[in-house]
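Notes follow once the structure below has been shown.
The chains referred to below are lettered A, B, ... by the order of the sequence lines, with proteins before strands, and numbering in each begins at 1.
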2 protein chains.
Amino acid sequence: MDLSSARSSLKTIQEKLSAYGHALAIISYDGATTAPKGTASNRAHSIGILSEEIYKYSTSPETIEVFNFLDNSKDALSLEERREIELLLKDVREMEKIPMDEYVEFDKLLVEADDVWHTAKETNDFALFEPYLEKIFETTKRFALYVEPDKNPYDHLLGKYEDGLNQETCDNFFEKVRSRLVPLIEKASSMPEIDDSFITDGDFSKDKQIELSDYLMELIGLDRQHVGISETEHPFTTSLGSHKDVRITTHYHENNFVSSMYSVIHEGGHALYDTGSKDEYAYTALDGGVSMSIHESQSRFYENIIGRSYEFIETIYPKVTELFPQLINYSAADLYRAVNKIMPSLIRTEADETTYCLHVMIRYELEKRIMNGSLKVHDLPSEWNRLYKEYLGVDVPDDKRGVLQDSHWAGGLIGYFPSYALGSAYGVQFLNLMNESFNVYDDVADGIFSRINAWNRDNIWEHGCLYKASDLLGRIFKDGFDPDEYLDYLEAKAKRVYDF
Amino acid sequence: MDLSSARSSLKTIQEKLSAYGHALAIISYDGATTAPKGTASNRAHSIGILSEEIYKYSTSPETIEVFNFLDNSKDALSLEERREIELLLKDVREMEKIPMDEYVEFDKLLVEADDVWHTAKETNDFALFEPYLEKIFETTKRFALYVEPDKNPYDHLLGKYEDGLNQETCDNFFEKVRSRLVPLIEKASSMPEIDDSFITDGDFSKDKQIELSDYLMELIGLDRQHVGISETEHPFTTSLGSHKDVRITTHYHENNFVSSMYSVIHEGGHALYDTGSKDEYAYTALDGGVSMSIHESQSRFYENIIGRSYEFIETIYPKVTELFPQLINYSAADLYRAVNKIMPSLIRTEADETTYCLHVMIRYELEKRIMNGSLKVHDLPSEWNRLYKEYLGVDVPDDKRGVLQDSHWAGGLIGYFPSYALGSAYGVQFLNLMNESFNVYDDVADGIFSRINAWNRDNIWEHGCLYKASDLLGRIFKDGFDPDEYLDYLEAKAKRVYDF
């Protein structure tokens with residue numbers, strides 16, 4: 001093998017992995033969006049076979065020889081190539097430690113589990129989902145120990161979604177968050193309650209909400225030639241093959257248009273990040289977002305920091321009242337207050353910006369305890385309900401609105417949740433940096449997203465996976481990450497909304 | 001290799017081919033249903049790579065060794081296994097004769113061509129599509145000559161969709177059809193014109209049409225757990241991985257509800273056939289329909305022979321008038337006459353049962369002439385328009401409603417069209433045989449499809465690809481295929497509708 005042939009093989013390998021990835025992703029996307037109910041086992045059959053192909057191809061001696069050859073020729077490689085090899089080798093070395101049969105079985109399990117979760121949520125039947133969830137936790141832990149036998153399995157999982165993240169960091173972060181948010185929430189609760197019934201308990205036709213989705217996607221600068229939108233039980237974003245085809249999903253509730261509105265903006269943030277990779281990264285390991293915290297920093301930046309700002313509400317107010325004329329009796333200020341009402345509630349994706357982190361904390365704590373063996377999956381619903389009462393003061397009426405609400409665990413995403421909270425905090429720090437160059441909210445008030453998107457593109461999107469998440473953040477945060485900026489922001493906002 | 005290991009390899013090979021087939025089919029289906037406009041080249045990239053994998057795997061020495069071993073052990077095999085080997089070897093031997101690069105390029109070309117065809121149709125721009133169509137015809141001919149160098153390429157293509165079919169058979173069939181249909185159409189044209197404006201020029205909301213689709217799918221006995229429905233520019237049916245996941249599509253026109261109604265029933269007929277394969281045929285070469293003529297015999301049986309019968313119209317009349325109350329001023333008899341109005345027109349998929357065959361003949365004649373070198377793709381629009389005038393007496397106002405109307409050529413389906421006409425004729429002969437066991441239209445009048453579906457299942461569906469099309473027909477038509485039964489049926493129906 002010489003350098004030139006190894007490079008050409010590297011290209012072929014990455015292209016092939018992208019195509020297989022496209023196949024798996026579109027089969028799953030179809031399952032969530034369009035597929036008839038009875039087809040999950042058919043999808044699992046195909047996914048099992050394709051996943052076996054990926055395993056065999058990735059861990060074949062020929063593939064590994066190429067990676068090792070290039071790894072040993074580092075000095076001759078570009079920055080991009082070195083990073084590709086680093087990422088690919090990491091994946092392959094982890095994969096090799098998991099027996100192929102178990103690897104494939106797990107991918108098939110996730111297809112079935114997602115299907116069962118949908119039914120369990122619909123019928124409020126945790127017992128139906130329990131054996132699947134048990135298997136998912138058990139397998140995830142087993143895999144973590146295969147890959148890093150000497151590391152705490154939950155630390156391994158946290159590190160999968162954010163390089164270097166561990167329980168210590170999360171515990172400290174959440175402790176700080178909790179210590180400042182709990183009094184803030186109490187303070188807000190002592191103020192006169194904000195009326196948001198006109199947005200949460202109205203009549204907003206799906207057709208009009210679809211128009212609103214299109215308007216919002218346009219407004220925040222999504223390229224509709226390469227970003228599609230569909231409906232699912234639980235909103236998500238996925239890339240198909242490359243950053244040239246990204247799909248977001250939403251869920252329309254006809255009584256509450258802001259639920260889908262903020263899903264669209266949230267997923268739109270993910271899609272901006274995904275589609276923003278440099279074009280030459282397509283079909284390589286550098287394509288797309290680098291970590292889930294950075295991903296959530298983008299989604300939650302657009303959803304909250306922008307989307308729940310007064311200036312944004314003012315900008316969209318004419319469109320919103322055109323689509324829903326019944327809102328004309330309410331001012332932009334009423335709408336702003338309503339979407340920022342601080343109110344402990346049941347559903348994470350619909351939580352206000354301030355209580356949101358506590359929803360995430362509960363999930364983090366439960367995952368951690370299951371992974372560390374101090375909680376059984378069987379006891380998850382009761383512990384879920386207990387923590388919701390303790391942290392948020394709310395009574396969970398059923399598992400549908402409790403432990404079954406999120407799709408993440410059914411999809412095998414354990415260790416993912418902290419990304420939402422960390423990402424929210426990163427986002428505020430980005431805002432502060434952005435504000436050093438231009439007044440962000442002046443642009444938002446004018447409905448202009450070009451400078452905001454350019455900042456995110458230059459600093460984050462276009463780099464794809466070129467830098468580790470920690471290095472990318474290091475480049476941006478010259479003085480390090482400071483969660484107090486996030487908490488300051490939330491306090492200032494609460495003061496503005498509640499006028500205290 | 002021993003018999004037992006060869007059998008096990010055969011199972012693995014077929015399962016893997018099914019999974020790859022699932023991947024290709026869902027990527028294409030996504031392209032037609034959901035994908036954003038600018039994503040065709042991304043899909044082509046993945047399809048090119050997956051299609052190369054299929055080629056390499058199918059033609060690998062290991063695969064062929066298994067097939068040959070089993071082919072040489074025929075006596076020890078079951079009927080099913082023998083047929084699997086026959087079908088797989090035929091495919092592989094054909095594939096091997098086409099250079100891999102050309103094979104892959106063609107699959108990629110079809111993704112792009114389909115995309116360009118959509119735009120060309122939308123913008124009425126044949127010139128945009130012309131270079132793609134030229135390449136498709138040219139490549140199809142080249143491939144035909146690779147595979148059967150001594151056979152007329154168009155005969156080869158006809159045989160691909162229906163084993164043994166050739167131009168001579170088609171010419172004879174169409175000649176007979178034409179000789180009896182042209183006077184019949186003339187006769188109908190001399191009668192007072194039937195008013196169908198109340199169904200073709202009304203106001204039928206998409207939501208209500210969607211309800212009608214669900215009702216119709218239920219009525220004809222589709223298993224909604226395994227059959228989904230989506231919207232596309234051109235209706236089609238596709239299977240994903242196995243007969244356990246089948247999708248039909250339709251196109252809603254808000255001025256004309258019968259257009260989608262008959263698309264749903266037509267594609268529903270395909271889906272009944274596809275989902276009707278024996279369960280043990282899943283993930284083998286025996287799964288799904290055996291030929292396109294047999295497939296069209298089912299789609300057009302449900303669409304026309306059942307769906308355009310007086311008894312069917314009577315059965316659905318209450319539902320139709322419930323959904324579209326404006327029709328209450330028209331009787332079931334009015335509706336029956338309207339959907340059976342014989343009237344030369346522009347669009348094949350919306351043509352009445354009688355003129356339909358002439359639409360097919362025009363496509364057959366044009367394909368034949370291009371393949372045989374006596375017509376250039378560039379001259380296709382003018383020849384199309386000339387033949388529409390000559391055979392149907394209609395002036396084609398634009399290519400959108402002319403040569404660009406169908407998706408088949410953009411999808412590389414050359415030699416497919418005659419299946420529609422032959423299938424229509426087979427369907428009538430099935431009806432006559434069915435009527436020997438029970439009164440078909442009495443069941444339809446009662447809204448009962450169990451006996452009709454059971455007949456089709458026993459005679460056709462459950463056999464999947466076990467028998468060659470000609471053998472399957474031989475088992476059913478003890479006295480051979482007789483197109484006069486079809487023509488007699490059309491004449492009798494015209495007499496009933498026009499009362500002459």
Side-chain angles (χ1 to χ4, degrees), chain A residues 12 14-31 33-53 57 205-207 217 222-231 239-249 271 275 282-283, chain B residues 12 14-31 33-53 57 205-207 217 222-231 239-249 271 275 282-283:
Chain A
T12 306
Q14 292 186 97
E15 290 190 336
K16 207 185 275 191
L17 291 176
S18 304
Y20 280 117
H22 189 159
L24 290 186
I26 184 68
I27 293 174
S28 298
Y29 174 77
D30 172 64
T33 53
T34 313
K37 285 256 178 198
T39 54
S41 60
N42 185 62
R43 273 194 303 289
H45 190 269
S46 295
I47 281 182
I49 289 165
L50 293 169
S51 148
E52 186 174 324
E53 290 298 295
Y57 182 68
S205 83
K206 194 169 128 179
D207 284 352
M217 289 173 77
L222 285 161
D223 167 9
R224 294 302 299 274
Q225 290 291 306
H226 299 97
V227 181
I229 179 167
S230 290
E231 287 172 60
S239 292
L240 302 173
S242 79
H243 70 275
K244 287 293 177 193
D245 190 354
V246 175
R247 312 295 172 85
I248 69 171
T249 74
T275 50
Y283 316 119
Chain B
T12 306
Q14 293 186 97
E15 289 189 337
K16 206 183 279 192
L17 292 176
S18 304
Y20 279 118
H22 189 159
L24 290 185
I26 184 67
I27 293 174
S28 298
Y29 174 78
D30 172 63
T33 53
T34 311
K37 283 257 176 195
T39 55
S41 60
N42 184 63
R43 273 193 303 288
H45 189 269
S46 295
I47 282 182
I49 289 166
L50 293 169
S51 146
E52 187 175 322
E53 289 299 294
Y57 182 68
S205 83
K206 195 170 127 178
D207 284 353
M217 289 173 77
L222 283 161
D223 168 8
R224 294 301 301 273
Q225 290 291 307
H226 299 96
V227 181
I229 179 167
S230 290
E231 286 173 60
S239 293
L240 302 173
S242 79
H243 71 275
K244 287 294 176 191
D245 189 355
V246 175
R247 311 295 171 87
I248 69 170
T249 74
T275 50
Y283 316 119

Please work out whether the ring planes of A:Tyr20 and B:Tyr20 are parallel, tilted or perpendicular, with thresholds of 30° and 60°. tilted
Which pair of heavy atoms, one from B:Ser46 and one from A:Gly241, lies closest together, and at what distance? OG-CA, 4.5 Å
Rounded to the nearest 0.5 Å, how far does OG of B:Ser18 lie from CD1 of A:Ile49? 7.0 Å
Is it the backbone or the side chain of A:Glu53 that comes under 4.5 Å from a heavy atom of chain B, or both, or neither? side chain
Donor-acceptor pair, side chain of A:His226 and main chain of B:Gly38, under 3.5 angstrom: yes
Please tell me if the side chains of A:His45 and B:His22 come closer than 4.5 Å, counting only heavy atoms from C-beta onward. no
For residues 36-47 of chain B, which residue pairs qualify under salt bridge (charged side-chain N to carboxylate O under 4.0 Å, His left out), counting only residues two or more places apart or in two chains? B:Lys37-B:Glu122
A:Gln225: what forms a side-chain hydrogen bond (donor to acceptor under 3.5 Å, both in side chains) with it, not counting sequence neighbours? none
When rounded to the nearest 0.5 angstrom, what distance separates CG in A:Asp245 from CD1 in B:Ile27? 10.0 Å
Shortest non-hydrogen contact from A:Pro36 to B:Gly228? CG-N, 3.3 Å
Is B:Thr34 close to chain A through its backbone or its side chain, or both, or neither, when contacts mean heavy atoms under 4.5 Å? both
Taking the basic N atoms (NZ, or NE/NH1/NH2) and the acidic carboxylate oxygens, is any pair closer than 4.0 Å for A:Arg247 and B:Asp30? yes
Among A:Ala35, A:Gly48, A:Ala23, single out the residue with the greatest number of heavy-atom pairs under 4.5 Å to chain B. A:Ala35
Donor-acceptor under 3.5 Å (B:Asn42 side chain, A:Leu240 main chain): yes
